[in-house]
Amino acid sequence: MRAYTPKDDVQKKPYYTDRYWVAPQVAKSDVSEDAVFAADLEAIKAKFDVLDAYIQVGQMVVVINAVDNFSVIEMMKNVLAYNQLSEMSAIDWLASEGKFEIFYQMLSMSKRKRVRIKCKIGEKESIQSVEKLFRSADWSEREMYDMFGVVVNNHPFMKRILMPDDWEGFPLRKTYPLQGDEFAQWYEVDKIFGKEAREIIGPENRDPARIDRYDTERFARLGHEVPHGTDISQGEPDTPLCYQENDGVFMIEKFDAEKSVVISDRHR
Amino acid sequence: MAQHQVNYLKDGGLPVALTTIDKVVNWGRSNSIWALTYGLACCGIEMMASGASRYDFDRFGTIFRASPRQAELMVVAGTLTKKHAEFIRRLYDQMTEPKWVISMGSCANTGGMFNTYATVQGVDRVIPVDLYLPGCAPRPETLQYAVLLLQQKIRKESASRAQKPKRLM
């Protein structure tokens, strides 16, 4: 029998609840299903702590401790022949776990296999650079620092890569607003004119739908819509498209559309 | 009388034309607008097409220059990021007076679709703009029409308007 729920306040509740909706999960399977991955995992497990390991969409995912990241990837490169670091970055799980997840996507050309190494670090913690092993990690780690604020130790040039050097905040964190915080909204004004110019220039217009319906130019008719086919001239004479002032220009002959001849036969 | 010598009394009078200094100066300025190449994004492709042979900006006297010292028109063609804002201001300051700015395309006008933390919401927050050109991206004909409108504007204003401050926003 279905559990009783009070129905007297049913109108106050939203009509639709997603109580039957389940977030789709990518199926995980055991590492032992793939002989190559199983052998690799055994080699890693022999030296390092492996917190979790599974196969997802044909790729092995290995979760390790963050302190082991350099030595695990060194072993992956030199011993297990995963000779390419195709991608690395961080994922912001600060809201749910208080941690960043850092992943290294690796490819073995000889084995034709892909492995993802994952580890988690706290917000204030830092991670070891793998730039000595893979040059591709150079910009990836700088971008990780730029976008998430994950500090990487032993990186040769730990500097922001996309945002300006004097930028405050880390834009890809979930807590960062899409349209920027107060610093971002005044960045160019503060930098070029100084903070005292804020009042003169004013805040950014972040409303893309904002129409000034009393705009003197009226280049858009939004806000002044009329039915199709209505005469909108309001008694104003029609101004043809002109490329020159009416009284002409000094030493330049004015183009007269009425005197001009349109050549219909271009081969005449 | 030699054949090459002009008979002024016969051929339409003396070679004298009366006009004002403003008109002569503005005639020269409006017909030799040298523009700074400032393609920041996809609008820059349309700007390049305007300068190339099919649309042929040279016939209006508009020649793209690579140096702000030689340019008097800045066609801001594309998305201006916050990181780049200081450079556009520096290049604008390096241009010699008199100078004009055409804001080309939605991104330069208002930030366009990039309503994000990294995009300047309209170049008029940084440099004064003479002419806003709508479109995403405007076709080369539109940019040419904008330059012709700018020519009209130049011809209307006083030749010695360098000291007149421009309104920002």
Side-chain angles (χ1 to χ4, degrees), chain A residues 146-147 160-173 176-194 197-212 215 217 219-220 222 241-252 254-255, chain B residues 17-28 30-31 60-61 80-90 92-93 106 109-128 131-135 141 144-145 147-149 151-156 167-169:
Chain A
D146 191 358
M147 291 291 150
R160 280 184 185 271
I161 189 169
L162 294 171
M163 302 309 290
D165 293 343
D166 54 352
W167 192 260
E168 282 176 17
F170 302 105
L172 274 191
R173 287 194 185 186
Y176 195 88
L178 173 66
Q179 300 181 346
D181 51 10
E182 199 198 343
F183 171 84
Q185 288 175 2
W186 291 104
Y187 175 78
E188 76 274 17
V189 174
D190 288 356
K191 186 156 193 183
I192 297 171
F193 305 106
R198 282 189 181 191
E199 284 181 14
I200 303 165
I201 295 171
E204 291 173 328
N205 172 27
R206 286 290 185 178
D207 179 10
R210 192 187 78 109
I211 305 288
D212 185 0
D215 187 346
E217 298 297 321
F219 58 88
L222 290 167
L241 193 69
C242 71
Y243 294 101
Q244 213 179 73
E245 296 90 319
N246 280 329
D247 49 349
V249 184
F250 172 60
M251 284 179 70
I252 295 176
K254 185 171 164 60
F255 171 73
Chain B
L18 293 177
T19 181
T20 59
I21 295 289
D22 274 8
K23 278 196 175 176
V24 175
V25 172
N26 285 336
W27 168 74
S30 63
N31 289 301
F60 305 118
L80 180 67
T81 58
K82 301 228 170 196
K83 192 177 185 178
H84 196 83
E86 59 168 315
F87 307 123
I88 202 172
R89 181 69 209 189
R90 193 188 299 169
Y92 177 77
D93 289 342
S106 296
N109 292 339
T110 64
M113 59 187 271
F114 300 106
N115 194 6
T116 66
Y117 58 92
T119 308
V120 176
Q121 302 295 306
V123 288
D124 50 9
R125 289 178 63 77
V126 180
I127 54 176
L131 212 137
Y132 297 89
L133 182 55
E141 297 95 321
Q144 288 181 335
Y145 182 54
V147 170
L148 292 171
L149 281 181
Q151 286 185 345
Q152 293 188 13
K153 183 181 180 179
I154 293 170
R155 285 173 197 141
K156 278 177 194 160
R167 193 177 66 114
L168 187 71
M169 278 294 281

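Proteins come first, then strands; the chains are lettered A, B, ... in the order of their sequence lines, and each starts at number 1. Predicted model, so just to flag it, every value in this text is computed and none were measured.
- Taking CZ of B:R125 as the start and CH2 of A:W186 as the end, the distance is 6.0 Å to the nearest 0.5 Å.
- Annotation: the span from A:R206 atom CZ to B:T116 atom OG1 amounts to 6.5 Å, rounded to 0.5 Å.
- If you take CD on A:Q179 and CG on B:N115, they are separated by 4.0 Å, rounding to the nearest 0.5 Å.
- Of the atoms belonging to B:N31, it is side-chain heavy atoms, and not backbone ones, that fall under 4.5 Å from chain A.
- In this structure, the side chains of A:N205 and B:Q121 stay at 4.5 Å or more apart for every pair of heavy atoms.
- Counting non-hydrogen atoms of neighbouring residues, nucleotides and ligands closer than 6.0 angstrom, the CD atom of B:Q152 exceeds 12 such neighbours.
- Minimum heavy-atom separation, A:E204 to B:T119: OE2-O, 4.2 Å.
- Here the NE2 atom belonging to B:H84 is positioned 13.0 Å from the CD atom belonging to A:E188, to the nearest 0.5 angstrom.
- Summarising the geometry of B:A118 relative to A:M163, their closest heavy-atom pair is CB-CE, 4.3 Å, with the distance given to 0.1 Å.
- Interface summary for chain A: among B:R155, B:E86, B:M113, B:K156, the most heavy-atom pairs under 4.5 angstrom belong to B:R155.
- The aromatic rings of B:Y117 and A:W167 sit tilted relative to each other, their planes meeting at an angle between 30° and 60°.
- Contacts with chain B were tallied for A:D166, A:L178, A:L162, A:D181; A:L178 has the most, counting heavy-atom pairs under 4.5 Å.
- Among all heavy-atom pairs drawn from B:K82 and A:A184, the shortest one is NZ-O, 2.6 Å.
- Of the two parts of A:I192, only the side chain, counted from C-beta on, holds a non-hydrogen atom closer than 4.5 Å to a non-hydrogen atom of chain B.
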